[in-house]
K.L.:
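Once you've had a glance at the structure underneath, I'll fire off some questions.
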There are 2 protein chains.
Amino acid sequence: MSLEKKISMAVIKRLPRYYRYLSDLLRLGITRISSKELSSRMGITASQIRQDLNCFGGFGQQGYGYNVEYLYNEIGNILGVNETFKVIIIGAGNMGQALANYSNFEKRGFKLTGIFDVNPELIGKRIRDIEIMSLDSMDRFIMENRVDIAILCVPYEHTPAIADRVACLGVKGLWNFSPMDLKLPYDVIIENVHLSDSLMVLGYRLNEMLKIEK
Amino acid sequence: MSLEKKISMAVIKRLPRYYRYLSDLLRLGITRISSKELSSRMGITASQIRQDLNCFGGFGQQGYGYNVEYLYNEIGNILGVNETFKVIIIGAGNMGQALANYSNFEKRGFKLTGIFDVNPELIGKRIRDIEIMSLDSMDRFIMENRVDIAILCVPYEHTPAIADRVACLGVKGLWNFSPMDLKLPYDVIIENVHLSDSLMVLGYRLNEMLKIEK
DNA sequence: TAGATTGTTAATCGATTAACAATC
DNA sequence: TAGATTGTTAATCGATTAACAATC
């Protein structure tokens, strides 16, 4: 398994995008698509699409193109949407609650099993059938329930300590919403979501455009 | 202005990251830093740091390095944190409210001036001094208040129409939280935030790691 | 001055695009 | 079969890294 050629991050990041476009095609009732047609829809080259897909296998057929449903399912498998991950949310503030309510994640195999906070006013409250629990009970919960992923929505200053704590308890994936590049010495997969970075890039690009217009 | 060499998206996306690290250094009371030292902190090469910074000017000094406060301010200027943008949030569901409460954005010059929704139960409610208004009153509000940026937190199916509507009214930047690649025929800057894409990449990487471990 | 470190050019690496033989 | 379109190799392009003269 580990002998296979390494797939670049650039390709991996495009997979969910392919998955979305194929889902749209499926909804539109389109059963087959060529890399050329998909290319014009997605605004990337047909070459890139064929290269990307061929990292994982030959899903198409010469002279025909790709069967939409088949390709959709194959990319779904590659992304592991059929695997189930047990997820907890740490920090039930605005962002934590917003994510807890975002039921779409369940469709992709991310099963929310617990929410934790320190605020006594929040503890006991329910979000979509899940009770917000005290942070004190988290360690035990993680061990007993074999949690795969922790979504970190705690304040900036507490993030590194909490990350370390859950990683030591065996959590294998972290989805971090604090504006810091979380890194851990352990074998843990971390995805950093930097909303303020994204907004600042928007601001930069906006300024550039306005400058040029002047 | 438009004659200057084009700066690549790769560089632009790193700017907020530099800004964060410099902010940390400042907080730690560190007054000067070499590209080498910054490189080891950030986990990128010193070469890249010097190349990136030199896209915008020579901020350092041979034999000395960079003055942290000066560089922080310069990058802040490049990112336009001193410019003020008028922002509205469209859709006051979970994500909209979470973003409305995230007061950190104000620090970077993004001033929330309005929140809009269609839900009568939400209209009239206040979030941080801003009243949630009816979507019906949005067009007028945008024109009267010269809104720069709209944050789109509306359901998937309504996103393209709302985006088009605000773009026609002169909104120049869109921060889109719907899981679609929003594109518009107008001269509008769009930043797509694809939370579910990010989560699926985490899932993929997690699966890969678990496969190799077996 | 000597040492350190930048700014910048040149070399390398990796990712994207083009081309085309294979084949449905 | 003829036309279409893939899978894949080769060419190009752009981004990263290395090297080093300039200079504080």
Side-chain angles (χ1 to χ4, degrees), chain A residues 4-18 21-22 25 30-75 78 181 197 201 204-205, chain B residues 4-18 21-22 25 30-75 78 181 197 201 204-205:
Chain A
E4 284 174 17
K5 65 174 182 302
K6 182 89 164 40
I7 288 153
S8 80
M9 215 34 184
V11 175
I12 294 165
K13 282 206 190 132
R14 279 193 292 269
L15 290 176
R17 225 172 136 237
Y18 289 124
Y21 275 87
L22 288 163
L25 291 170
I30 294 165
T31 55
R32 63 179 263 201
I33 189 125
S34 67
S35 58
K36 195 176 160 217
E37 165 68 10
L38 188 56
S39 129
S40 84
R41 282 174 185 263
M42 293 184 67
I44 58 179
T45 64
S47 239
Q48 182 163 69
I49 292 170
R50 295 202 299 278
Q51 285 275 27
D52 283 355
L53 297 180
N54 275 88
C55 291
F56 303 97
F59 302 123
Q61 200 166 77
Q62 283 99 329
Y64 174 88
Y66 300 87
N67 177 286
V68 173
E69 191 177 357
Y70 174 70
L71 187 58
Y72 174 76
N73 288 328
E74 285 297 319
I75 294 180
I78 293 161
D181 301 320
D197 284 21
V201 168
Y204 171 88
R205 294 172 61 201
Chain B
E4 285 175 16
K5 68 176 181 302
K6 181 88 163 41
I7 289 154
S8 81
M9 215 33 184
V11 174
I12 294 165
K13 282 205 190 132
R14 278 193 292 269
L15 290 175
R17 229 174 132 236
Y18 289 124
Y21 275 88
L22 288 163
L25 291 169
I30 294 166
T31 55
R32 64 178 261 202
I33 189 126
S34 67
S35 57
K36 194 174 160 220
E37 165 67 10
L38 188 57
S39 128
S40 84
R41 283 175 185 263
M42 295 184 66
I44 58 180
T45 63
S47 239
Q48 183 164 69
I49 293 170
R50 296 203 298 277
Q51 285 276 26
D52 284 354
L53 297 179
N54 276 89
C55 292
F56 303 97
F59 302 123
Q61 200 167 77
Q62 282 98 330
Y64 173 89
Y66 301 87
N67 177 288
V68 173
E69 190 175 358
Y70 174 70
L71 187 57
Y72 175 76
N73 288 328
E74 285 297 319
I75 294 181
I78 293 162
D181 302 319
D197 283 21
V201 168
Y204 171 87
R205 294 173 62 203

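Hydrogens, waters and symmetry mates are skipped; everything else that's a heavy atom, side chains included, is used. Throughout, protein chains are lettered first and strands after them, A, B, ... in sequence-line order, and every chain is numbered starting at 1.
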K.L.:
Please report the distance, rounded to the nearest Å, between CE in M9(B) and P in dA15(C).
P.N.:
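In whole Å, dA15(C) P lies 19 Å from M9(B) CE.
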K.L.:
Rounded to whole angstrom units, what separation is found between the CD1 atom of I33(A) and the C1' atom of dT6(D)?
P.N.:
14 Å
K.L.:
Rounded to the nearest Å, what distance is computed from the CZ atom of residue R50(B) to the P atom of nucleotide dA10(C)?
P.N.:
16 Å
K.L.:
Ignoring backbone atoms, test whether Y66(A) places a side-chain nitrogen or oxygen under 4.0 Å from the OP1 or OP2 oxygen of dG7(D).
P.N.:
yes
K.L.:
Any side-chain to backbone donor/acceptor pair from R14(A) onto Q48(A)? Under 3.5 Å, distance only.
P.N.:
no
K.L.:
Toward the 5' end of DNA chain C, which comes first, S34(B) or Q51(B), by nearest nucleotide?
P.N.:
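Nearest nucleotide further toward 5': that of S34(B).
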K.L.:
Measuring from the side chain of Q62(B) (C-beta onward, heavy atoms only), which nucleotide among dG7(D), dC24(D), dC20(D) has the closest atom?
P.N.:
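Out of dG7(D), dC24(D), dC20(D), the nucleotide with an atom closest to Q62(B)'s side chain is dC24(D).
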K.L.:
Considering the options I49(A), T45(A), I44(A), which one meets the side-chain contact (heavy atoms from CB on, under 4.5 Å) requirement together with S47(A)?
P.N.:
T45(A)
K.L.:
Evaluate side chain to side chain contact (heavy atoms under 4.5 Å, CB included) for R50(A) paired with Y66(A), printing each intermediate quantity in order.
P.N.:
CA-CA 10 Å; R50(A) 295 202 299 278; Y66(A) 300 87; 3.7 Å; yes
K.L.:
Which of the following nucleotides, dT5(D), dA18(C), dT17(D), is nearest to the side chain of S47(A)?
P.N.:
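Nearest to the side chain of S47(A) among the choices is dA18(C).
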K.L.:
Any strand is fair game: report the nucleotide pairing with dA4(D) by Watson-Crick or G-U wobble, both distances under 3.5 Å, or none.
P.N.:
dT23(C)
K.L.:
Please answer whether the main-chain N or O of Y64(B) pairs with a side-chain N or O of R32(B) as donor and acceptor at a distance below 3.5 Å.
P.N.:
yes
K.L.:
Choosing from dG7(D), dT8(C), dT16(C), which nucleotide comes nearest the side chain of N54(A)?
P.N.:
dG7(D)
K.L.:
Return no unless some side-chain N or O of T45(A) is found under 4.0 Å from OP1 or OP2 of dT16(C).
P.N.:
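It does not, given that no N or O in the side chain of T45(A) lies less than 4.0 Å from OP1 or OP2 of dT16(C).
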K.L.:
Name the one of V11(A), I7(A), I75(A) that satisfies side-chain contact (heavy atoms from CB on, under 4.5 Å) with D52(A)?
P.N.:
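Between D52(A) and the candidates, side-chain contact (heavy atoms from CB on, under 4.5 Å) is satisfied uniquely by V11(A).
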K.L.:
Find the distance K36(A):NZ to dG3(D):C1' and express it as a whole number of Å.
P.N.:
13 Å
K.L.:
Find the distance Q61(B):CD to dA4(C):P and express it as a whole number of Å.
P.N.:
16 Å
K.L.:
Within this structure, what is the CD1-to-P distance between I49(A) and dA18(C), rounded to whole angstrom?
P.N.:
13 Å
K.L.:
Using whole Å, report how far NZ of K13(B) lies from C1' of dT16(D).
P.N.:
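Answer to the nearest Å: 16 Å.
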K.L.:
Counting only side-chain N and O atoms of S35(A), is one of them less than 4.0 Å from OP1 or OP2 of dT6(D)?
P.N.:
yes
K.L.:
In whole Å, what is the span from the NZ atom of K6(B) to the C1' atom of dC13(D)?
P.N.:
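Value for this atom pair: 15 Å.
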